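Accompanying notes for the structure given below.
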Amino acid sequence: MQNNCIYLDNNATTKVDPEVIEVMLPYLTDYYGNPSSMHTFGGQVGKAVRTAREQLAAILGADESEIVYTSCGTEGDNAAIRAALLAQPEKRHIVTTQVEHPAVLNVCKQLETQGYSVTYLSVNNQGQLDLDELEASLTGNTALVTIMYANNETGTVFPIEQIGLRVKEYGAIFHVDAVQAVGKIPLNMKTSTVDMLTLSGHKLHGPKGIGALYIRRGVRFRPFMIGGHQERGRRAGTENVPGIIALGKAAELELLHLEEATARERKLRDRLEQTLLAKIPDCVVNGDVTQRLPNTTNIGFKYIEGEAILLLLNKYGICASSGSACTSGSLEPSHVLRAMGLPYTTLHGSIRFSLCRYTTEAEIDQVIEVMPSIVERLRALSPFKNDDAGWLQGQEQALLGVRS
């Protein structure tokens, strides 16, 4: 299974680049010193950490002093949100969107129980925001606007710089979850309106357990982790040196391959998408087909269940997803697709394919070969044969009724 796996779930996690493993391993064996130590043995590790910080800053177009290492994207999101609120205790309003990652949405929901008011911006049927709705939501009481750069399920990219210009007019802090964007979209924090930006190593061919938070110089930041002086007092705890070294190398490689890899991934993605749409009736692309990540397609196959599609794909060694990996334990339809107002016939049968620079033409060909028969087989068993999904809609409404 490992050798024959066709991995098209790269928005969930990515393969660690062999070059990343190579530079990481010595810091698990030979160079195990503490980078904060005064002696030479620890000092050489500290120097390697500084180099890695510079490598990561380069892919962001940032200064190395603006980088704070974290354990993951979730920690970065949590730290940014709470720091922004602590820096402005007199302000009690947050703006976010209905389609954020749970690392943002669930924090905002918890903050509502603590007296904060939260505006959850809606999206249209392509997953895009209405900037007029954003403008109307902003007030002098708005402490924070936290909006993702690119959606992890549909790949839809938000107009971050336009959003940032409006946020600045109201003096709010602007945080961006860019976990899906780093390494796929060129970034330049020096000219950006973003105040804080979250990223995660395992989304760009680095290891799990390492991430980073960009904090623009001058932005007030109250630390989430309290303890020692590490990370210039902004995140206590002995540094995850192997992870930091790995993330630096991963960022260097992503920046090196960015233009070539994104063009290739877009070409393969479009071939997969267009061929499936041509071969399989009653399917549709979910999200904005013009403003989206180059590696992502989310396709709704009407009248069938996404989980059933994934199970049959798995028998062929093909890995895909029906949504965010952080919500895969739930049988509910994706909150992102629900927010887009997709019809029930499409909502339940939507599959995300996310590619990377290791994806091959042969792998795409294999998916194209097996998908039509999988869909045909499942539709033969489906109780829905047309757009009248009354039964499914009734079940959904009954479920919502029980909860309310």
Side-chain angles (χ1 to χ4, degrees), residues 27 32-39 42-43 45-50 52-53 56-57 60 62-94 96 100-116 118 143-146 172-179 189 194-202 206-248 326:
Y27 294 89
Y32 53 84
N34 190 315
S36 298
S37 297
M38 295 294 292
H39 47 68
V45 177
K47 183 178 179 181
V49 167
R50 287 191 293 275
R53 198 183 300 270
L56 181 58
L60 299 177
D63 187 84
E64 59 89 19
S65 66
E66 298 172 307
I67 302 297
V68 175
Y69 288 112
T70 64
S71 62
C72 60
T74 295
E75 183 193 330
D77 287 341
N78 275 253
I81 291 169
R82 296 187 185 280
L85 300 180
L86 287 172
Q88 306 167 93
E90 73 284 359
K91 295 184 177 183
R92 307 290 289 180
H93 179 231
I94 303 164
T96 189
E100 296 298 309
H101 190 276
V104 169
L105 280 180
N106 289 340
V107 176
C108 289
K109 291 174 183 176
Q110 183 189 65
L111 288 166
E112 285 184 288
T113 69
Q114 299 172 13
Y116 287 90
V118 181
L144 170 71
V145 175
T146 175
I173 290 176
F174 186 29
H175 165 250
V176 172
D177 180 334
V179 164
M189 293 297 101
V194 173
D195 293 312
M196 292 189 280
L197 178 144
T198 302
L199 64 91
S200 183
H202 75 104
K208 300 170 185 65
I210 184 67
L213 180 62
Y214 159 82
I215 307 169
R216 179 178 298 282
R217 185 183 289 114
V219 172
R220 288 181 293 167
F221 184 84
R222 298 280 294 276
F224 183 57
M225 298 280 283
I226 307 296
H229 64 275
Q230 292 89 350
E231 298 299 296
R232 295 180 171 87
R234 296 173 296 185
R235 202 271 191 182
T238 301
E239 297 90 344
N240 173 9
V241 172
I244 288 170
I245 301 300
L247 178 54
C326 293

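Keep in mind that this is a model prediction, so the values were computed, not measured.
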- Starting from the C-alpha separation in whole Å, work towards a yes-or-no answer on side-chain contact (heavy atoms from CB on, under 4.5 Å) for Y69 and L56. CA-CA 10 Å; Y69 288 112; L56 181 58; 3.9 Å; yes
- Could you check R220 against Q88 for side-chain contact (heavy atoms from CB on, under 4.5 Å), going step by step and ending with a plain yes or no? CA-CA 9 Å; R220 288 181 293 167; Q88 306 167 93; 3.8 Å; yes
- Rounded distance [0.5 Å steps], NZ in K91 versus CG in L144: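 Those atoms lie 10.5 Å apart.
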- Are any of the side-chain nitrogens in R50 or E239 under 4.0 Å away from the carboxylate oxygens of its partner?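 Salt bridge flag = no for E239 with R50.
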Whether the side chain of [X] engages the backbone of [Y] through a donor-acceptor N/O pair (distance < 3.5 Å, no angle test) should be reported.
X    : Y    : answer
D177 : E100 : no
T198 : G73  : no
E64  : A57  : no
R216 : V194 : yes
R53  : I244 : no
H101 : V104 : no

- Heavy-atom side-chain proximity of L60 to L199 below 4.5 angstrom: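 A side-chain contact exists here, since the closest heavy-atom pair is under 4.5 Å.
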- Tell me, with the steps shown, if R235 and T70 meet side-chain hydrogen bond (donor to acceptor under 3.5 Å, both in side chains). CA-CA 8 Å; R235 202 271 191 182; T70 64; over 6 Å; no
- Before giving the answer on side-chain contact (heavy atoms from CB on, under 4.5 Å), spell out for D77 and H175 the whole-Å C-alpha distance, their side-chain angles and the decisive distance to 0.1 Å. CA-CA 8 Å; D77 287 341; H175 165 250; 3.2 Å; yes
